[in-house]
Amino acid sequence: MADLTAGLNPAQKKAVLKTEGPVLILAGAGSGKTTVLTHRIAYLIEQGVKPYNIMAITFTNKAAREMKERVEKITPFGKDVWVSTFHSSCVRILRRDIERLGYTSQFTIYDSDDSERLIKEILKELNISDKDFSPKMVMGKISEQKNELISAKAFLETAEEDFRLKTISKVYTEYQKRLKQNNALDFDDLIFKTVQLFAQNPDILDKYREKFLYIMIDEYQDTNSCQYNLIRQLSSKYRNLCAVGDDDQSIYGWRGANIRNILDFEKDFKNAEVIKLEQNYRSTKVILDAANTVIKNNISRKSKELWTENETGGLINAVGLESDFEEAAFIASEIEKGVKNGGEYKDFAILYRNNAMSRVIEDRFVRSSIPYRLLGGVPFYGRKEIKDVMCYLKVLYNPSDDIAIKRIINVPKRGIGTATIEKVSIFAEDSGMSFFEAILNAEDIPEIKSRSKKLKDFAGVISNFREASEELKISELIEKIISETGYRDELESENTAEALNRIDNINELISKAFEFENTSERADLSAFLEEVALVADIDSYSEDDDTVVLMTLHSSKGLEFPNVFIAGFEEGIFPSYRSILSDNPNAVEEERRLCYVGITRAKKQLYFTYARSRMQHGQTISNAPSRFLKEVPMDFIEKHKAPDSKNEEKQATFRNKASYNPMGNKEYFTYGKIPAPKNVTLDFKEGDKVRQIKYGVGVVKNIAPAGADFEVTVEFPEAGTKKFMAMLSKNTLKKV
DNA sequence: TTACTATGGATTTTT
DNA sequence: TCCATAGTAA
């Protein structure tokens, strides 16, 4: 085995070698954290630790896959290391022992769509107005509780006399009851129930403690309290826990991630060693400095400052456009320019705050014939037709899954409407049967005589499929389902572009199933359902295709591109209105972290674009440029130059550009909030010649103390006299 | 039961 | 603007 620390910097080396006891690795963006993690695993194995005694937890399947691949590349024993996501780890643990909690190991996993359907049903049954208590809101609240490890019972107690909370806790209680009846767990339950299983069964917990002697967890800043608890349970005996994360990249607070987990690590794990990875291997100096100065405006963070040996690089482009259409046109023209100059489409990424913003850009790309891919939006497995087919499979696997049955009982149309479904539900509830059992006894259901045949037919169809599922491969089973139920025929007879697209999607599902059968070791229905339930769209992102990539800032975390556009860089969009209006100051800080994530995706070139007016919800709105733009040092920013006027179309598009240029407004840039640096060393004195990245060579006229920093006045032959803050300009202002 | 029309709501989403 | 859903007519 090669030297595992070769080529690593001192901090990285330390992180690899420090195997015993709790360690927190604060890994800045682009600091080589995956390398450190994989080498650390290999080093552990080299030291004699058994691969199966090592656990590495990630948040995404993609991260897990990548880590596994890289570990296997450096050590032949890598395949026995337990590398997986929180959720799939928990599924594995629960499949084994969930009987202790009164579920069976055949449980199915509900995605948020399934959960919401169930909530909706419950609200109806409990006669709670979904106007005052929207299923989404209730679901969110319940999820919040679960993330905080608060059970329905505990929640009811804290609710006390608060009517709203009491109502929600009632729904929560019923929701859990129904999940159990359906033998189903939602995403939050996967973790929650595992924690519960461990807490109530010390023998099981002990088994895993003895198994996972070394635990590593990636993206630690994104853990919620429930996940934190799980980690604590597993690691508290041997205390060989290595958490890797970056508090500045905590952008999932709204999903229950608790930033305190990383901020308080040393408090929670006594004698923890903290290692900072601050050298960045990704971005230019300018991009990195911009990221540093922006994030410094946040109060709650660990001190950390990225630096790099990379080149200084070009200035950041801040471009104000007249409208969202022109913004899209500008982005398209820059990409065309870049490609003409030898770049590739895949070198460009467009990041935006919300998915709706992709539309205008897509339209423009289609017109300009720029190949692009959209990440996010409606996920493949969330599409109606895919969910329909998957629900058939779910019903075959888990007959107690009422939500799945109700979804497909009238898809395609079988003349079984909501009224009938309701009656069956009530009958099932009264007689203590599952929905499916009730259908089997349809003739006993009162006031339903005329429909009982249809119900029986449906039950027959399902039983028939269930029998077939014993022998058929999954891809064949899906084929059988969509042809015998008439699902495909129904779509074909519609003969619209949309219907054809749905058929394509189903075919795609069949080929995915086919691929699954041929690549997984465990190719049964259970494994397939699990795979589908636990994958995300981002998992399938690969950089092989030469296309521009469009995605939200959130989805971009962990990725990198030579050229990045952050579009819609406007107040109200980024930061979002909600965060601005929120009484929680942390909300804007999280947006700023998101901005930091966005900036640090860029390797070479970064653009901020913003429009004076844009269409939103069918109305034209105007926003000021984002406050974050003011936080980027002015001398890192290049004003946008008017595009090539030879191109007529472009000329027309940009003709109003000159009238809108907030960058010209001096007041626009203030540095008031940036804390003064402690020690500044200058490599020039008054009278020296210096080179500034934007204005060229000039002469230092004056150096005056300003707080803990120095204000440097430089006279340029062309640009005239300019003032710079020494600390901020350390990479862009140098002696010649 | 189904098929059409009105209405309202619209961040971010690793699983 | 665009979507999902609730309500109504047939």
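No hydrogens, no waters, no symmetry mates; every other heavy atom, side chains included, goes into these values. Model, not experiment: these values are computed from the prediction. Per chain, numbering begins at 1; letters A, B, ... match sequence-line order.
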A:K141: salt bridge (Lys or Arg N to Asp or Glu O under 4.0 Å) partners, not counting sequence neighbours: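 Scan of A:K141 (salt bridge (Lys or Arg N to Asp or Glu O under 4.0 Å), adjacent residues dropped) gives A:E144.
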
Atom [atom1] of [X] to atom [atom2] of [N]: distance rounded to whole Å?
X: A:M67; N: B:dT14; atom1: CE; atom2: P; result: 18 Å
X: A:F325; N: C:dT1; atom1: CZ; atom2: P; result: 10 Å
X: A:D113; N: B:dT13; atom1: CG; atom2: P; result: 16 Å
X: A:K124; N: C:dA6; atom1: NZ; atom2: P; result: 8 Å
X: A:E144; N: B:dT13; atom1: CD; atom2: P; result: 18 Å
X: A:L534; N: B:dT13; atom1: CG; atom2: P; result: 19 Å
X: A:D324; N: C:dC2; atom1: CG; atom2: C1'; result: 15 Å
X: A:I566; N: B:dT12; atom1: CD1; atom2: C1'; result: 15 Å

Conformer about C1'-N of B:dT11 - syn within 90° of 0, anti elsewhere: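 Base orientation: syn.
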
A:Y487: partners by ring pair (Phe, Tyr, Trp, His ring centres under 6.0 Å), with sequence neighbours left out: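 Checked A:Y487 against ring pair (Phe, Tyr, Trp, His ring centres under 6.0 Å); zero matches.
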
Ring pair (Phe, Tyr, Trp, His ring centres under 6.0 Å) pairs, two or more places apart, involving residues 110-140 of chain A: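 For residues 110-140 of chain A, and leaving out neighbouring residues, there are no ring pair (Phe, Tyr, Trp, His ring centres under 6.0 Å) pairs at all.
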
Options B:dT14, B:dT12, C:dT5, nucleotide nearest the side-chain atoms of A:D222: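 Out of B:dT14, B:dT12, C:dT5, the nucleotide with an atom closest to A:D222's side chain is B:dT14.
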
Closest listed nucleotide, where the reference is the side chain of A:K120 and the choices are C:dT5, B:dT14, C:dT1: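 Of the candidates, C:dT5 comes closest.
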
Sugar-phosphate only, base, or nothing, as touched by A:Y577 at under 4.0 Å among non-hydrogen atoms: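 Nothing, no heavy atom under 4.0 Å.
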
side-chain hydrogen bond (donor to acceptor under 3.5 Å, both in side chains) partners for A:T552, two or more places apart: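 Testing A:T552 for side-chain hydrogen bond (donor to acceptor under 3.5 Å, both in side chains), a comparison that skips the adjacent residues, returns A:S555.
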
Annotated protein contacts, base or backbone, on nucleotides 1-11 of chain B with a non-hydrogen cut-off under 4.0 Å, one of B, S, - each: SS-------BB

Qualifying residue, where the test is side chain to side chain contact (heavy atoms under 4.5 Å, CB included) with A:L534 and the options are A:D111, A:V91, A:T85: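 Only one option passes, and that is A:V91.
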
A:L230 side chain near A:F198 side chain, heavy-atom distance below 4.5 Å: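 Sidechains of A:F198 and A:L230: in contact.
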
A:A328: side-chain contact (heavy atoms from CB on, under 4.5 Å) partners, not counting sequence neighbours: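 Testing A:A328 for side-chain contact (heavy atoms from CB on, under 4.5 Å), a comparison that skips the adjacent residues, returns A:V360, A:I361, A:R364.
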
